[in-house]
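Let me begin by presenting the structure, written as structure tokens, before commenting on it.
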2 protein chains.
Amino acid sequence: MARAGVTVERLTLAAAELADEVGVENVTVAALARQFGVKDASLYFHLRNAHELRVRIALLALAELADRVAAALAGRAGKDALVAFANAYRDYAREHPGRYAAMQIDLDPETAAASAGVRHAEMTRAILRGYRLSEPDQTDAVRMMHSTFHGFVSLEKTGGFRHTPRPTDDSWSRTLDALDAVLTNWPSR
Amino acid sequence: MARAGVTVERLTLAAAELADEVGVENVTVAALARQFGVKDASLYFHLRNAHELRVRIALLALAELADRVAAALAGRAGKDALVAFANAYRDYAREHPGRYAAMQIDLDPETAAASAGVRHAEMTRAILRGYRLSEPDQTDAVRMMHSTFHGFVSLEKTGGFRHTPRPTDDSWSRTLDALDAVLTNWPSR
DNA sequence: GTAGTAGCCTAGCCCTCTTAGGCAAGCGAT
DNA sequence: ATCGCTTGCCTAAGAGGGCTAGGCTACTAC
């Protein structure tokens, strides 16, 4: 009997692709086993449980996104960097809806600390260097930025903007203008 | 054999409460049936399938939230209205995490059009009257506002802000200041 | 009081998750 | 080469959940 050559890495990648096709909630151990031509039970040799599978998708996505953002950010500063970050973020979410959704599951603290999520935080703060904000304004601004990006992308995906004809691309670009404006002129207390 | 007195309304309400306790993804037809002292199969007399149950939770939540926001908005204008809206939104999401999560599932267009979601859109636009924005800026601003609210609340819930000690309440209030500032001074093209 | 229907039930199928225990392929050491 | 050990797969089996088909019963309308 030939071995199927299943590894955690191959499983995770296949799971991520499956997630993009059918949604994270439908990424099932059984479906994955079928893809590898293997019985469901066999995957528990590589995986603790179905939840770990989703966590692994999330970690993969966080790392991939961090790489993309880092590449987009290279050599840019100020609004240029803001827009590059934002577009890398949104593009990734649209190309990989399942992976993006997986990113939203909450990781336990130590897993999160070891994830590429920390790189996101660092890069976001790096952007703000162009806007000369000091603490605690910087933290607030980071949170607002992230909220705006995530909120927009998330609402766009679930069709929250569908009821108005205006192209979402236009709203996105104007939202970034507004974000740039408010970061440039961060209101003092 | 006494009848259990199951109705779609009672089912939906129980499901919503269950969702707040254990998460929407764990709202199961079987669990609900147990709560009503009834067999699972019996619920299919009232419900088409498990998905309908979640849709009903979403619609309930949209209506409840719209009521709250409307109450919060009464007699307010400008930044006052903005803050009231935002807090009503965030408070609801925190008190009813399961209902809030249910709100994010995408409804098919006609269901969405018949939902209380349209009231949200109207009220959001009403707030912007205080800021004198005309189309298409108004649409962009509505989208940005909604994105910010949803993004913040969503990230807060999934622990996205945990890695920084700053109280989220403070960041929230400063984010609203920033939003007010940018709406007041919406950047022209 | 009888017909009809609304509200529940049992039986049963399929799918998923997960554990327990077995067998066989390949590797390292003798 | 072969003996054993580990790795990678297997079968078996139980617990749930989703859902359908078909049946019984209590209430309702006439």
Side-chain angles (χ1 to χ4, degrees), chain A residues 1-60 98-99 101-102 104-108 111, chain B residues 1-60 98-99 101-102 104-108 111:
Chain A
M1 185 95 62
R3 302 208 169 178
V6 176
T7 65
V8 197
E9 288 73 27
R10 292 186 58 202
L11 276 180
T12 306
L13 199 60
E17 269 153 29
L18 193 59
D20 286 336
E21 287 164 20
V22 301
V24 224
E25 67 281 1
N26 296 318
V27 171
T28 161
V29 175
L32 214 54
R34 276 191 294 271
Q35 254 188 43
F36 279 84
V38 159
K39 297 293 170 183
D40 342 8
S42 304
L43 293 192
Y44 289 86
F45 185 83
H46 305 276
L47 248 41
R48 199 149 23 133
N49 51 36
H51 182 248
E52 186 185 325
L53 194 60
R54 274 147 215 164
V55 170
R56 285 189 182 277
I57 300 176
L59 295 176
L60 173 70
R99 284 164 158 97
Q104 310 307 324
I105 68 178
D106 47 348
L107 308 172
D108 57 301
T111 307
Chain B
M1 186 91 65
R3 302 206 169 177
V6 177
T7 64
V8 196
E9 288 73 27
R10 293 185 59 203
L11 275 180
T12 306
L13 200 60
E17 269 152 29
L18 193 60
D20 286 336
E21 287 163 20
V22 301
V24 225
E25 66 282 1
N26 296 318
V27 172
T28 160
V29 175
L32 215 53
R34 275 192 294 272
Q35 253 188 44
F36 279 84
V38 158
K39 297 294 172 182
D40 346 7
S42 304
L43 293 192
Y44 289 87
F45 185 82
H46 305 276
L47 249 42
R48 201 150 20 136
N49 51 35
H51 181 250
E52 185 185 326
L53 193 59
R54 274 149 215 164
V55 169
R56 286 189 182 276
I57 300 176
L59 294 175
L60 173 70
R99 283 165 160 97
Q104 310 307 325
I105 67 179
D106 45 350
L107 308 172
D108 57 300
T111 306

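A, B, ... follow the sequence lines: proteins, then strands. Residue 1 opens every chain.
- Summarising the geometry, the separation between NZ on A/Lys39 and C1' on D/dA12 is reported as 12 Å, rounded to the nearest angstrom.
- Contact annotation: B/Arg34 does not reach the phosphate of D/dG16 (side-chain N/O to OP1 or OP2, under 4.0 Å).
- A heavy-atom distance below 4.0 Å to DNA chain C is reached by these residues of residues 21-33 of chain A, ordered by number: A/Thr28, A/Val29, A/Ala30.
- Residues that satisfy the side-chain contact (heavy atoms from CB on, under 4.5 Å) test with A/Glu9, not counting sequence neighbours, are A/Thr7.
- The CG-C1' distance, from A/Asp40 to D/dA15, rounds to 15 Å in whole Å.
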Show me the side-chain donor-acceptor pairs of residues 35-44 of chain B shorter than 3.5 Å, one per line, residues at least two apart or across chains.
{"unit_1": "B/Ser42", "atom_1": "OG", "unit_2": "B/Lys39", "atom_2": "O", "d": "3.4"}

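- In this structure, B/Ala58 and B/Ala102 approach most closely via the heavy-atom pair CB-O, 3.3 Å.
- The side-chain contact (heavy atoms from CB on, under 4.5 Å) check on B/Glu52 picks up B/Leu47, B/Arg48, B/Asn49, B/Arg56, with sequence neighbours excluded.
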Using a 3.5 Å cut-off and no angle test, enumerate the donor-acceptor pairs between side-chain atoms of residues 21-32 of chain B and protein atoms at least two apart in sequence or in another chain.
{"unit_1": "B/Asn26", "atom_1": "ND2", "unit_2": "B/Val22", "atom_2": "O", "d": "2.8"}
{"unit_1": "B/Thr28", "atom_1": "OG1", "unit_2": "B/Ala30", "atom_2": "N", "d": "3.1"}

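- Going from atom CZ of B/Arg10 over to atom NE2 of B/His46 covers 10.0 Å, rounded to the nearest 0.5 Å.
- A/Ala19 approaches A/Ile57 most closely through the heavy-atom pair CB-CD1, 4.3 Å.
- Across residues 41-57 of chain B, B/Ala41, B/Ser42, B/Phe45, B/His46 each have a non-hydrogen atom less than 4.0 Å from an atom of DNA chain C (numbered order).
- No donor-acceptor distance shorter than 3.5 angstrom exists from the side chain of A/Thr111 to the backbone of A/Leu107, with no hydrogens or angles considered.
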